[in-house]
Peer 1: 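Before I ask anything, here is the structure I am working with.
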Amino acid sequence: MSENYGFGTRAVHAGAEHDPTTGAVIAPISLSTTFAQSSPANPIGIYEYSRSDNPNRSAFERAVASLEKAKYGLAFASGSAAESVIVHTLNVGDEIISVSDVYGGTHRYFTKVATKTGISIKFTGRLQADLANLLNEKTRLVWIESPSNPTLSLTDIAEIRKIIDDYKNNGHQNQKLYLVVDNTFLSSYVQTPLIHGADLVIHSVTKYLNGHSDVVMGVAATSDEELYKELQFFQNATGAVPSPFDSWLAHRGLKTLHLRVRQASNSALEIAKFLQKSSKVQLVNYPGLPEHPQHEIFKKQHNYGLGGGMISFRVVGGAAGASTFCSSTKIFTLAESLGGIESLLEVPAVMTHAGFSPEEREANGVYDDLIRLSVGIEETEDLVADISQALEKL
């Protein structure tokens, strides 16, 4: 579909061509695991075996590629599977440089799985300041989450790209080195990492892209043909692929992404402003607030002036205060995950980031009293009222 169309038009129509035989406007679910061939090694159509490719998966991949302004998309069984396949492209002795404030599952995979295969990991809380000195001939991936999970710190993607390019132009032109951005927290609607210099963008589709808390899935998008072909090979070879039904559901969810994220972002800004005024709140992390330390990055990197639907904040009363607050909401549900139509909240220190040591957590701003909100699409005033009454319990 033409990239000249607006985001919402592409969200609805990209990868959603009418069925040429029946004229169906919405694609059927293609459950067949195998596809007929007219003669040996000559499939009747473009599909042979569903692990290698499937009509529903292919449609979803094309749609995500369009929204990310990429040439190629690759869907996976989960966001973690996408990360695993990316790391599978590395060799023993290769290195990943990552922001330290990452999703707990990413930290777990890097430190407990990738290291067992001979991959080394370097974490830094000051990527822009430290990267030039950290880059070396073994570096293959620079890994960013922006905003980070759960403290919502921002990384200037274009500046990181410049540091990498300066390094490569200084005698390392042939070094295979990719900039990876996890765009899960904002979605393709609020941030487009490839246009800022990323080589590869990934999502946990489970979150905003699907948006209905009923699919576990991941996706990656790139315009680098060599990288795409390498990832495609490992996608097939490892079998880390989503089912046709999950692909169909995720594609359906993608069609309303812009509507859902716009509402969530607008509500999140109002909630963040409300939290700022409360004496029961010590700190609010939200990129859309002018007080956010990287607000200037927000202004140039986020689309449509939206801060996204994620907020984190620290309450009074320590861990007990956080527990009391999370047990007192009536609309926000205490649960892990994010990006769904329903509003969720959690305490990262004992939930999503429990795998970090206390020292690691606190070094990254993840204290026992930190609460993370995933703002849904309910009425804004109802969500603010729910936050208000829960704060009164502290």
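Just so you know, these numbers use all the heavy atoms, side chains as well, and skip hydrogens, waters and symmetry mates.
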Peer 1: Do L200 and L231 come close enough that some side-chain heavy atom pair is under 4.5 Å?
Peer 2: yes
Peer 1: Could you tell me whether E225 and K71 have a side-chain N and a carboxylate O separated by less than 4.0 Å?
Peer 2: no
Peer 1: So, for Y208 and H203, is the gap between ring centers shorter than 6.0 Å?
Peer 2: no
Peer 1: Indicate, with yes or no, if I163 and V99 share a hydrophobic cluster defined by side-chain heavy-atom contacts under 4.5 Å among Ile, Leu, Val, Met, Phe, Trp and Tyr.
Peer 2: yes
Peer 1: Count I, L, V, M, F, W, Y as connected when their side-chain heavy atoms are under 4.5 Å apart, and connections chain through other members. Are V85 and Y228 then in the same cluster?
Peer 2: yes
Peer 1: Enter the distance from Y167:OH to Q175:CD here, rounded to the nearest 0.5 Å.
Peer 2: 3.5 Å
Peer 1: Within the 3.5 Å criterion, strictly below it, is a donor on S58 or R62 matched to an acceptor on the partner's side chain?
Peer 2: yes
Peer 1: Could you name each residue pair satisfying side-chain hydrogen bond (donor to acceptor under 3.5 Å, both in side chains) that touches residues 154-163, not counting sequence neighbours?
Peer 2: D156-K300, R161-D165, R161-D199, K162-D166
Peer 1: Heavy-atom count check: over 12 atoms from other residues, nucleotides or ligands less than 6.0 Å from N42 CG?
Peer 2: yes
Peer 1: Taking the side chain as every heavy atom from C-beta outward, state whether W143 and I86 have any pair of such atoms under 4.5 Å apart.
Peer 2: yes
Peer 1: Would you say F245 and V215 make side-chain contact, with heavy atoms under 4.5 Å?
Peer 2: no
Peer 1: Which atom pairs, one a donor and one an acceptor, fall under 3.5 Å between side chains of residues 386-394 and the rest of the protein, sequence neighbours left out?
Peer 2:
residue : atom : partner : partner atom : Å
D386    : OD1  : K330    : N            : 2.7
D386    : OD1  : Q389    : NE2          : 2.9
D386    : OD2  : K330    : N            : 3.3
D386    : OD2  : I331    : N            : 2.8
D386    : OD2  : F332    : N            : 3.0
Q389    : OE1  : K393    : NZ           : 2.9
Q389    : NE2  : S328    : O            : 2.8
Q389    : NE2  : D386    : O            : 3.3
K393    : NZ   : Q389    : O            : 3.3

Peer 1: Tell me whether V375 shares a hydrophobic cluster with L289, the cluster being built from Ile, Leu, Val, Met, Phe, Trp, Tyr side chains joined at under 4.5 Å.
Peer 2: yes
Peer 1: Does any donor atom in the side chain of T33 or S50 lie under 3.5 Å from an acceptor atom in the other side chain?
Peer 2: no
Peer 1: I need the minimum non-hydrogen distance between S187 and L209, along with the two atoms involved.
Peer 2: CB-CD2, 4.4 Å
Peer 1: Establish, yes or no, whether a centroid distance under 6.0 Å links the rings of F298 and H295.
Peer 2: yes
Peer 1: A side-chain contact here means heavy atoms from C-beta on lying under 4.5 Å apart; do F185 and P287 qualify?
Peer 2: no
Peer 1: Quick check on E137: does its CD atom have over 12 non-hydrogen neighbours (other residues, nucleotides or ligands) under 6.0 Å away?
Peer 2: no
Peer 1: Enter the distance from E61:CD to S247:OG here, rounded to the nearest 0.5 Å.
Peer 2: 7.5 Å
Peer 1: Hydrophobic clusters here meaning ILVMFWY residues chained together by side-chain heavy-atom distances under 4.5 Å, can you tell me if L186 and L254 are in one?
Peer 2: yes
Peer 1: Classify the ring geometry of F60 against H251: parallel below 30°, tilted from 30° to 60°, perpendicular beyond 60°.
Peer 2: perpendicular
Peer 1: With the side chain counted from C-beta on, respond yes when T222 and Y178 share a heavy-atom pair under 4.5 Å apart, and no when they do not.
Peer 2: no
Peer 1: Minimum heavy-atom separation for E145 to Y103, with atom names?
Peer 2: OE2-N, 2.8 Å
Peer 1: Does any non-hydrogen side-chain atom of M351 lie less than 4.5 Å from one of R372?
Peer 2: no
Peer 1: Is Y304 atom OH crowded by more than 12 heavy atoms from other residues, nucleotides or ligands, each under 6.0 Å away?
Peer 2: yes
Peer 1: Using a 3.5 Å cut-off and no angle test, enumerate the donor-acceptor pairs between side-chain atoms of residues 264-274 and protein atoms at least two apart in sequence or in another chain.
Peer 2:
residue : atom : partner : partner atom : Å
S265    : OG   : V261    : O            : 2.8
S265    : OG   : G308    : N            : 3.3
N266    : ND2  : R262    : O            : 3.2
S267    : OG   : Q263    : O            : 3.3
S267    : OG   : Q263    : NE2          : 3.4
S267    : OG   : T380    : OG1          : 2.6

Peer 1: Can you tell me how far CG of L179 sits from CD1 of I157, rounded to the nearest 0.5 angstrom?
Peer 2: 7.0 Å
Peer 1: Examine the side chains of S80 and Y109 and answer whether a donor and an acceptor come within less than 3.5 Å of each other.
Peer 2: no
Peer 1: So F123 and T111, do their side chains get closer than 4.5 Å, heavy atoms only?
Peer 2: yes
